[in-house]
Q: 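Have a look at the structure that comes next, please.
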Amino acid sequence: QPVLTQSPSASGDPGQGLTISCSGGSSNIATNKVNWYQQVPGTAPKLLIYSDYQRPSGVPDRFSGSKSGTSASLAISGLQSEDEAVYYCAAWDESLNGPVFGGGTRLTVL
Amino acid sequence: VQLEESGPGLVKPSQSLSLTCTVSGASISSGSYYWSWVRQHPGGGLEWIGHLFSSGRTSYNPSLESRLTISADTSKNQFSLRLNSVTAADTAVYYCARDHHDFGEPYSWFDPWGQGTLVTVSS
């Protein structure tokens with residue numbers, strides 16, 4: 001079972017916005033930074049957001065991250081067909097002394 | 001920076017799994033980054049395996065630590081993973097990645113990743 005909890009699926013129409021959530025606990029999200037990865041089927045994960053809300057260069061500003069308490073969120077605005085992918089959250093876990101991941105949310109653009 | 005995994009795609013149960021990650025565009029001995037292994041099980045879940053710093057310092061996932069060794073060959077700009085006594089549960093796509101982590105600090109993110117290599121454990 002993944003340490004961080006994500007809904008398995010989400011969907012939205014092109015142009016719409018949506019939010020993907022990630023729930024953790026006191027040993028990870030509550031005290032440490034959250035990262036988000038995007039994985040298009042058949043490819044390696046790609047860093048999307050790091051340190052809660054920072055975007056690596058090249059990531060569109062349609063993607064934004066936030067955190068509150070033991071939960072984090074990835075917001076995507078202006079959905080595009082190329083956003084169809086699985087999105088994973090991750091955070092450092094004090095119990096593991098290493099990073100842990102969520103189970104992933106598969107995004108479908110209708 | 002590019003990373004590329006290599007190694008056998010099929011390993012027999014109870015044997016050892018050995019993979020190598022070749023890094024180009026950056027030196028693993030520069031002391032700027034850690035270098036990690038992450039695996040993805042057939043169901044999709046991601047699991048951090050462990051990481052290595054240029055000094056040779058390593059840190060492993062406790063669930064794998066007793067079977068795991070991560071090492072570096074700085075002359076070839078490569079780092080490797082060896083996992084002993086494998087079972088079917090070790091079947092996964094194995095990724096290497098540059099790890100943005102500082103010693104003693106509670107953060108780590110992976111960028112970039114290699115393309116991954118599928119390892120199947122089966123007789």
Side-chain angles (χ1 to χ4, degrees), chain A residues 1-6 8-9 22 24 26-59 65 67 72 85-107, chain B residues 1-6 19 21 23 33-53 57-65 68 70 81 89 92-118:
Chain A
Q1 285 284 53
V3 175
L4 307 180
T5 301
Q6 297 181 245
S9 63
C22 172
S26 57
S27 64
N28 42 69
I29 292 179
T31 49
N32 299 318
K33 303 294 186 183
V34 176
N35 311 310
W36 291 89
Y37 300 91
Q38 176 193 58
Q39 186 175 34
V40 174
T43 69
K46 169 193 164 187
L47 180 67
L48 200 63
I49 297 286
Y50 66 97
S51 291
D52 293 342
Y53 60 86
Q54 304 280 2
R55 278 189 308 275
S57 70
V59 173
K67 188 179 80 172
V86 180
Y87 293 84
Y88 294 92
C89 59
W92 189 269
D93 188 272
E94 305 288 351
S95 302
L96 180 73
N97 195 31
V100 293
F101 293 87
T105 297
R106 181 175 298 274
L107 172 62
Chain B
V1 177
Q2 291 187 312
L3 299 91
E4 184 172 6
E5 306 86 351
S6 59
L19 297 173
C21 180
V23 180
Y33 298 98
Y34 279 69
W35 302 91
S36 261
W37 288 98
V38 178
R39 68 182 181 180
Q40 185 166 34
H41 297 282
L46 292 163
E47 179 182 31
W48 174 71
I49 296 171
H51 62 202
L52 168 86
F53 191 60
R57 177 190 300 144
T58 56
S59 183
Y60 299 151
N61 187 318
S63 69
L64 299 169
E65 187 164 14
L68 180 64
I70 296 176
L81 170 156
V93 175
Y94 286 74
Y95 295 98
C96 57
R98 186 172 63 176
D99 186 348
H100 298 246
H101 168 71
D102 287 316
F103 179 69
E105 296 294 334
Y107 59 78
S108 178
W109 63 86
F110 307 113
D111 181 49
W113 299 57
Q115 85 282 1
T117 187
L118 174 63

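Note that the structure is a prediction, hence the values are computed from the model and not measured. Convention: sequence-line order gives letters A, B, ...; per-chain numbering from 1.
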Q: Hey, does the side chain of B:Asn61 reach the backbone of A:Gly98 with a donor-acceptor pair shorter than 3.5 angstrom?
A: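 No: the side chain of B:Asn61 does not pair with the backbone of A:Gly98.
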Q: Just to verify, what does B:Tyr60 make a ring-ring contact (aromatic ring centres under 6.0 Å, His included) with, not counting sequence neighbours?
A: none
Q: Which atom pairs, donor and acceptor, lie under 3.5 Å between side-chain atoms of residues 50-58 of chain A and protein residues at least two apart or in another chain?
A:
unit_1	atom_1	unit_2	atom_2	d
A:Asp52	OD1	A:Val34	N	2.8
A:Arg55	NH1	A:Phe63	O	3.2

Q: For A:Gln1, what residues pass the side chain to side chain contact (heavy atoms under 4.5 Å, CB included) criterion, not counting sequence neighbours?
A: none
Q: Has B:Gln115 got more than 12 heavy atoms of other residues, nucleotides or ligands less than 6.0 Å from its CD?
A: yes
Q: Checking an interface table here. Which of residues 85-94 of chain A come within a heavy-atom distance under 4.5 Å of chain B?
A: A:Tyr88, A:Trp92, A:Glu94
Q: Which heavy atom of A:Asn35 sits nearest a heavy atom of B:Ser108, and at what distance?
A: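 Smallest interatomic distance, heavy atoms only, reads ND2-O, 2.9 Å.
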Q: Pair B:Trp109, A:Leu47 - check side chain to side chain contact (heavy atoms under 4.5 Å, CB included), show working.
A: CA-CA 8 Å; B:Trp109 63 86; A:Leu47 180 67; 3.4 Å; yes
Q: Go through the atoms of A:Pro99 and report whether side chain, backbone, both or neither lie under 4.5 Å from a heavy atom of chain B.
A: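 A:Pro99 touches chain B through backbone and side-chain heavy atoms alike.
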Q: Can you tell me which portion of B:Phe110 sits under 4.5 Å from chain A's heavy atoms? Options are side chain, backbone, both or neither.
A: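 Both the backbone and the side chain of B:Phe110 come within 4.5 Å of chain A.
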Q: Counting only non-hydrogen atoms closer than 4.5 Å, does B:Val38 touch chain A with its backbone (N, CA, C, O), its side chain (CB onward), both, or neither?
A: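 Just the side chain, heavy atoms under 4.5 Å.
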Q: Select one option (side chain, backbone, both, neither) describing which atoms of B:His101 are under 4.5 Å from chain A's heavy atoms.
A: side chain
Q: Got a second to check how far B:Trp48's CH2 is from A:Phe101's CZ, nearest 0.5 Å?
A: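 With rounding to 0.5 Å, CH2 (B:Trp48) is 10.0 Å from CZ (A:Phe101).
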Q: Between A:Gly103, A:Gly102, A:Pro45, which residue shows the highest count of heavy-atom pairs closer than 4.5 Å to chain B?
A: A:Pro45
Q: Quick check on B:Pro112 against chain A: is it the side chain, the backbone, both or neither that has a heavy atom closer than 4.5 Å?
A: neither
Q: Side chain, backbone, both or neither: which part of B:Glu47 has a heavy atom under 4.5 Å from chain A?
A: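 The backbone, not the side chain.
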Q: Are the side chains of A:Leu96 and B:Pro62 in touch, meaning some heavy atoms are under 4.5 Å apart?
A: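 They are in side-chain contact.
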Q: Distance check, rounded to the nearest 0.5 Å: B:Leu46 atom CG versus A:Gln39 atom CD?
A: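 Answer rounded to 0.5 Å: 6.5 Å.
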